[in-house]
Structures are given as structure tokens and as C-alpha cells.
Undergrad: 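After the C-alpha cells below, expect a handful of questions from me.
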Amino acid sequence: MRRKSDGSSAFCQLVLYAIEACSNLSEMYVAAGKNDYYAERIPLGFSAQRLE
């Protein structure tokens, strides 16, 4: 069985963390864009009209 070298923890700290952070940020931008897109298309009183 092969043991992980010490370089793998450095890889996780320096490379993998940055990639995961950028991916998370990109997902938040997409969600914000979808939110703006749908907010323009739904009238403000939509939910109140629907409940009545």
C-alpha cells in the first residue's frame, strides 16, 4: 500500500482550496444572476395575489 507524501497536504492547501473557492464564487454569481432574471419577470404583488 502506498502512503501519501507530504506534498499532498500542500497541494490541498495551495491549489485545491483556491479551485474550490473559485467554484463556490462562480455558483454564487450564477445564483445571483438567476435571482435578478426571475425578479424582473415576476410582478411584485404576485405572492399576495396568489394567496387571496
Undergrad: Nearest 0.5 angstrom please: E20 CD to C12 SG, how far?
TA: 8.0 Å

Undergrad: Tell me every residue that passes side chain to side chain contact (heavy atoms under 4.5 Å, CB included) with V15, counting only those two or more places apart in sequence or in another chain.
TA: F11, I19

Undergrad: When clusters are formed from ILVMFWY side-chain contacts under 4.5 Å, directly or step by step, what else is grouped with M28?
TA: L25, Y29

